[in-house]
Amino acid sequence: MCEKCKGNYYITTPIYYPSAKLHIGHAYCTVATDTMARFKRLQGYNVMFLTGTDEHGQKIEDKAKAAGVTPQQFVDNIVTGERGVLDLWKLMNISFDRFIRTTDDYHVAAIQKIFKRMYDNGDIYKGVYKGKYCKPCESFWTESQLVDGKCPDCGGEVQDAEEEAYFFRLSKYADRVQDLLENTDFLEPRSRVNEMVNNFIKPGLEDLCVSRTSFTWGVPVDFDPGHVVYVWIDALFNYMTALGFENDKYDDLADFWPADVHFVGKEIVRFHSIIWPAMLMSLNLPLPKKVYGHGWLLLDGGKMSKSKGNVVDPYVLAERFGVDALRFFLLRSFPFGSDGNFSNESLINTINVDLANDLGNLVSRTVAMAQKYFGERLPETQTADDEKDAELLALVSSLRDKYEEQMEKFAFQNALAEVFKVISRANKYIDENAPWVLAKSQELKPRLARVLYNLLETIRVCGGLLTPFMPDTAAEIARRLGGARMDWDSLNGFGVLPADAATVAGSALFPRIDVEKELAALEELNKPAVPALEIEPYSEEKVDFDTFCKSDLRAVKVKDCKSVKKSDKLLCFTLDDGTGTDRQILSGIAKYYKPEELVGKTLVAITNLPPRKMMGKESNGMLLSAVHTEKGEEKLNLVMVSDAIPAGAKLC
Ligand code: ME8
């Protein structure tokens, strides 16, 4: 630890499944973790911020197979490929110190050692895993994973099945884990404690299956070939292997373990607050100080998906609205511990109200006035503060403490609310003091200088406290304030800027967005791309051979073809079917052909269908045609065969 530092601080995000591209919900937790890491650095801590990817498991193996690549190629593409996970974190200005991939060699080797240690101490034993098996998918499922009793992947029937597997003695740690949850601040928010204890521990903790033989994409159990470590030992221990636990790649355990906090989404709180401490207890390792289970970003009250009419691709959002605006929105709009409803409209409104109107205007107006009335620097001759200034000064002076109190509780929304209270007050202060009136009198110039100084100081403190949320914006604000100090100590008081503070003019920090226009543009972007060519799905239903052979297919020659009165669909064909008697068939293809272009063609007809009346005319059979969809438009082509085939020839 460095001598000047306040101490070490270790914070982590969950490691993401690279089974598909990440959406804005995934970015939510990472932005929150980044903000916390930056806040701790600002306070003076020596921070280790870990994130990464959780790359093993059947789902990845299956997806790679479907894509025709190896599992490693599949995850490499999503993690390190263009617009992958690493690109996204770079774009979002995520200041992680370490990135772990569970396919990294050092991690794989460490997991094998960890598994063996728990096996040797008797906490991992061999047993039989009973579950439901889907044959076509070659997948095991638990009862609770089934959807309406069927395979959640293909919807097919499942059957009872067993496979040999290793189990972790989770049940042995039930009492100690319950005590940890109920009698310490290990898990927050507190509301999640009851959920864990009542739903999972009290009904009886079962031992946990920790190996599989039904797939191979995992860390091999080195002392029992055929078994791979099943997900949670592999995933959870990333938090320690990334510091050097059971490997020589890193040597940071002494400095950073136990972690100060693991940020995790609510659906994986169970794994982090029950299974993770139990595994650490098994190895007599110190437990992390805290697990914080945050809420979900929802779309229309439900799970996030692309199809719900909102753009959720963080790349698109960051590129259109700016990274800082997007980061800000995520933490300003939703209380971190609860679910929140995401919408493009609320994103735009937040940018317009908080960033363009309140923050942006305060900075633009103040800097523009300082420049207009005094040029590059304020004059040192200023009046002392007025009574009118007291409220603003008191608010700014106490802001850092209030903000810090909220940040320490991970209450990002409340911390921002404190800052924006001061920003609003400062905008009101401009109107109350009407600098443009003060500017008219030479005598009032020292007062005008003081008003502007107070505003610049307010902007400096607010800008500094916004650094963890909007690092680029804060840096730009510091620049406009002539390179103002924004370090932690300087944010605790009023009067840090020199009296002759410099200012630098610039364009609007956050231009206002036209809500209607932008929503329309996003809707356009969200329209699914029309596939160039679509064919009808193949029928699953089988036809037996004899039934198929009953269809009498014949080559027929078009003697005449006419449109049908009062019908814009039908064409009426007079056909030579080789019998010597003309056959009449009506076909609904007028949209696709002009009648005259078909005369003389050799077509295929099913001739033994019962006669049908259409628009008062009798149709004796059906002409075969091929249908497909091109760029969203339905196309039809009559099946035409070689003119060398005589009328009446049977097709079989
Ligand atoms: O769970 N809103 O990975 P993952 C907020 N590999 N958070 C969301 C979200 C949403 N709409 N959708 C997902 C895993 N998340 C495991 C973790 S840790 C040892 C292993 C969050 O990619 C989710 O809650 O499925 C989780 O915390 C994180 O994204 C990663 O999810």
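Whatever order the structure lists ligands and atoms in, that order sets their numbers, starting from 1.
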**Item:** Side chains of Glu404 and Gln43, donor plus acceptor under 3.5 Å
**Value:** yes

Ligand 1 atoms nearer than 4.0 angstrom to some heavy atom of Asp54 are 6 (N), 16 (C), 20 (C)

In this structure, atom 27 (O) of ligand 1 is nearest to the protein heavy atom Gly265 N, 2.9 Å

Exercise for the section: Would you please indicate if the ring centroids of Phe342 and Phe334 are separated by under 6.0 Å? Expected result: no

key: Sub-3.5 Å N/O-N/O distance, Tyr28 and ligand 1   = no

Within 4.0 Å of some non-hydrogen atom of Glu267, the atoms of ligand 1 are 23 (C), 24 (O), 26 (C)

**Asked** Salt-bridged, Lys172 to Asp207, with N to O below 4.0 Å?
**Response** no

Hey, do the aromatic rings of Phe237 and Trp276 have their centres closer than 6.0 Å?
-> yes

Closest to atom 1 (O) of ligand 1 among protein heavy atoms sits Ile268 CG2, 3.7 Å

Sub-3.5 Å N/O-N/O distance, Ile15 and ligand 1: yes

query: Are the aromatic ring centres of Tyr239 and His272 under 6.0 angstrom apart?
result: yes

Closest to atom 2 (N) of ligand 1 among protein heavy atoms sits Leu297 N, 2.9 Å

To atom 15 (N) of ligand 1, the nearest of Gly340, Gly293, Gly25, Ala27 on a heavy-atom basis is Gly25

Taking only non-hydrogen atoms of His294 and a 4.0 Å limit, the atoms of ligand 1 in range are 5 (C), 7 (N)

One finds that the ligand 1 atoms under 4.0 Å from a non-hydrogen atom of Ala235 are 19 (C)

Of all protein heavy atoms, the one nearest atom 31 (O) of ligand 1 is His26 CD2, 4.1 Å

In this structure, atom 28 (C) of ligand 1 is nearest to the protein heavy atom Tyr16 CE2, 3.6 Å

| field | N-O pairing of Asp260 and Lys40 below 4.0 Å | value | no

Within 4.0 Å of some non-hydrogen atom of His23, the atoms of ligand 1 are 9 (C), 11 (N), 12 (N)

(Q) Checking side-chain polar atoms at under 3.5 Å, does Ser343 have a donor or acceptor matched by the opposite partner on Glu345? (A) no

Worksheet item: Is the number of heavy atoms from other residues, nucleotides or ligands under 6.0 Å of Glu267 CD greater than 12?
Response: yes

Handout entry: Check: Tyr17 N/O within less than 3.5 Å of ligand 1 N/O
Key = yes

* Asked: Is the closest heavy atom of Gly295 to ligand 1 under 4.0 Å?
  -> yes

Output for pair (Met92 CE, Asp324 CG), nearest 0.5 Å, gives 9.0 Å

Any heavy atom of Tyr239 under 4.0 Å from ligand 1? The part involved is side chain

**Report entry** Side-chain donor-acceptor pair present, Thr102, Glu55, cut-off under 3.5 Å
**Finding:** no

*asked:* Ring centres under 6.0 Å, that's the criterion: do Tyr10 and Phe49 meet it?
replied: no

Quick one: does Lys303 get within less than 4.0 Å of ligand 1, heavy atoms only?
no

